[in-house]
Amino acid sequence: MERIWLDVPFEEKDQAKAAGARWDAAAKRWYCPPSKAPALERWTSRPDLPDLLPGEDRTLGRGLFIDMVPSTCWFTNVRSCVSPRDWERIRRMVTARAGQRCETCGAPEDRARRRWLEVHERWAYDDATQVQKLGRLICLCTDCHATTHYGLAGIRGRAAEARSHLQKVTGLSVSDVSILIEVATEDYYRRSSHPWTLDLSILTETGITVAPPPEAEDRPAAAKEGLYRASRGKW
């Protein structure tokens with residue numbers, strides 16, 4: 001059957017399905033038959049992104065480690081700066097090039113266990129210029145992603161699970177994991193002491209439109225509100 005591929009953000013899947021979109025479990029993509037195309041035109045697939053984004057460093061941040069984003073950089077992530085459809089294109093490319101497996105522990109998606117494949121951003125921080133540059137996008141499973149964002153895991157009451165998963169994947173001792181957490185926390189507070197300029201050139205140079213993030217002076221208030229929502233399970 002001839003099919004037309006679609007870019008359907010997760011939040012819009014029910015709307016697309018009601019309009020005639022269908023899910024290809026093998027390709028992990030939405031599509032529709034030509035007869036349904038007019039009703040689904042808003043989701044018609046855009047060109048695929050290259051497997052390697054311009055200037056992307058696939059070696060940046062190998063393995064599983066704690067990668068806490070400074071509070072002065074909160075709400076400046078890729079997902080908040082691109083359209084939902086472009087985020088779907090990015091997600092599709094990153095998970096496909098990873099072979100539909102987590103790039104740190106090798107686990108596949110498992111709906112029964114509520115383990116999903118998610119896109120995580122690896123950042124390079126230049127202390128001299130105070131530039132936060134997107135260096136790489138990596139496919140992580142839900143467990144590895146939660147561990148990487150250890151600070152958020154703690155807010156959600158999942159710090160013990162994150163520590164256990166980090167130890168399991170890396171093979172480190174309990175004391176070594178504690179040292180990693182201590183070092184990552186020190187880096188977090190040091191980097192949170194001043195604002196950062198966002199550099200998303202690996203996306204803009206491939207044609208993705210990037211919306212400007214909140215101004216630096218507005219991020220602390222946004223971060224405080226985000227922490228409040230997270231503590232109440234609304235993040």
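Note that the numbering runs from 1 along the sequence shown for the chain.
- For E121 (side chain) and V78 (main-chain N/O), a donor-acceptor pair under 3.5 Å exists by modelled atom type.
- Put simply, L137 and V210 are part of the same group of oily side chains (I, L, V, M, F, W, Y) that touch within less than 4.5 Å, one to the next.
- A 6.0 Å sphere centred on CZ of R190 holds more than 12 heavy atoms belonging to other residues, nucleotides or ligands.
- H165 places a side-chain heavy atom less than 4.5 Å from the side chain of C144.
- A salt bridge links E88 with R91; the closest basic N to acidic carboxylate O contact falls under 4.0 Å.
- Each of D67, T148, T104 was scored for a side chain to side chain donor-acceptor pair (under 3.5 Å) with H120, with one residue passing: D67.
- Using a 4.5 Å heavy-atom cutoff, the side chains of L198 and C81 are in contact.
- Hydrophobic clustering of Ile, Leu, Val, Met, Phe, Trp and Tyr side chains at less than 4.5 Å, counting indirect connections, keeps V183 apart from L166.
- Classification of K17 and D14 as a salt-bridged pair fails, no side-chain N sitting under 4.0 Å from a carboxylate O.
- Within the 4.5 Å cutoff, side-chain heavy atoms of W43 are placed close to those of Q15.
- At distances below 3.5 Å, not a single donor-acceptor pair connects side-chain atoms of R115 with backbone N or O atoms of T142.
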Which is it for L140 and E118 under the side chain to side chain contact (heavy atoms under 4.5 Å, CB included) test, yes or no, and what are the steps along the way?
CA-CA 5 Å; L140 297 180; E118 303 166 356; 5.5 Å; no
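- Heavy atoms of other residues, nucleotides or ligands lying less than 6.0 angstrom from CZ of R158 number 12 at most.
- Using a distance-only test at 3.5 Å, with no hydrogens or angles considered, a donor-acceptor pair links the side chain of S192 to the main chain of S71.
- Annotation: side chain of C139 is not in contact with side chain of R101 (no heavy-atom distance under 4.5 Å).
- The shortest side-chain heavy-atom distance between R22 and K36 does not fall under the 4.5 Å cut-off.
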Under the side chain to side chain contact (heavy atoms under 4.5 Å, CB included) criterion, do Y125 and K133 qualify, and how do the steps go?
CA-CA 6 Å; Y125 297 92; K133 183 175 182 179; over 6 Å; no
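- Contact check for C105 versus D143: no side-chain heavy atoms found under the 4.5 Å cut-off.
- To the nearest 0.5 angstrom, L180 atom CG is 11.0 Å from Y150 atom OH.
- Applying salt bridge (charged side-chain N to carboxylate O under 4.0 Å, His left out) to D7 and the options R92, R42, R46 leaves one that passes, R92.
- The hydrophobic clustering, which links ILVMFWY residues whose side-chain heavy atoms are closer than 4.5 Å, places L172 and V169 together.
- Annotation: the span from I90 atom CD1 to I208 atom CD1 amounts to 4.0 Å, rounded to 0.5 Å.
- The two atoms that bring W123 and L200 nearest to each other are CH2-CD2, 3.6 Å, heavy atoms only.
- Summarising the geometry of A16 relative to V8, their closest heavy-atom pair is CB-CG1, 3.8 Å, with the distance given to 0.1 Å.
- Inter-residue side-chain proximity for P50 and T206 is flagged as met; some heavy-atom pair is nearer than 4.5 Å.
- Of all the heavy atoms in A19 and L40, the pair that sits closest is CB-CD2, 3.6 Å.
- Rounding to the nearest 0.5 Å places CD of Q132 at 9.5 Å from CZ of R191.
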Apply side chain to side chain contact (heavy atoms under 4.5 Å, CB included) to residues R111 and W116 and explain how you reach the verdict.
CA-CA 7 Å; R111 291 175 178 268; W116 316 107; 3.3 Å; yes
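- Between E103 and R97 no salt bridge is recorded (no basic side-chain N to carboxylate O distance below 4.0 Å).
- There is a side-chain donor-acceptor pair under 3.5 Å between R163 and S178.
- Ion pair D57/R122 not flagged as a salt bridge, since none of the NZ, NE, NH1 or NH2 atoms sits closer than 4.0 Å to an Asp/Glu carboxylate oxygen.
- Looking only at side-chain heavy atoms (C-beta outward), S45 and L6 stay at 4.5 Å or farther from each other.
- Note on I181 and V69: same hydrophobic cluster, where clusters join Ile, Leu, Val, Met, Phe, Trp and Tyr whose side-chain heavy atoms are under 4.5 Å apart, directly or indirectly.
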Would you check, one step at a time, whether the test side chain to side chain contact (heavy atoms under 4.5 Å, CB included) holds for L53 with M93?
CA-CA 10 Å; L53 298 172; M93 181 275 286; 4.0 Å; yes
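- A distance of 12.0 Å separates OG1 in T209 from CZ in R85, rounded to the nearest 0.5 Å.
- Rounding to the nearest 0.5 Å gives a distance of 8.5 Å between SG of C73 and NE2 of H194.
- When the side chains of ILVMFWY residues are joined at heavy-atom separations under 4.5 Å, either directly or via intervening members, W5 and W30 end up in two distinct hydrophobic clusters.
- In this structure, P84 and E12 approach most closely via the heavy-atom pair CB-OE2, 4.4 Å.
- The distance from the CD atom of E41 to the CD1 atom of I4 is 10.0 Å, given to the nearest 0.5 Å.
- Heavy-atom neighbours of E11 CD from other residues, nucleotides or ligands within 6.0 Å: above the threshold of 12.
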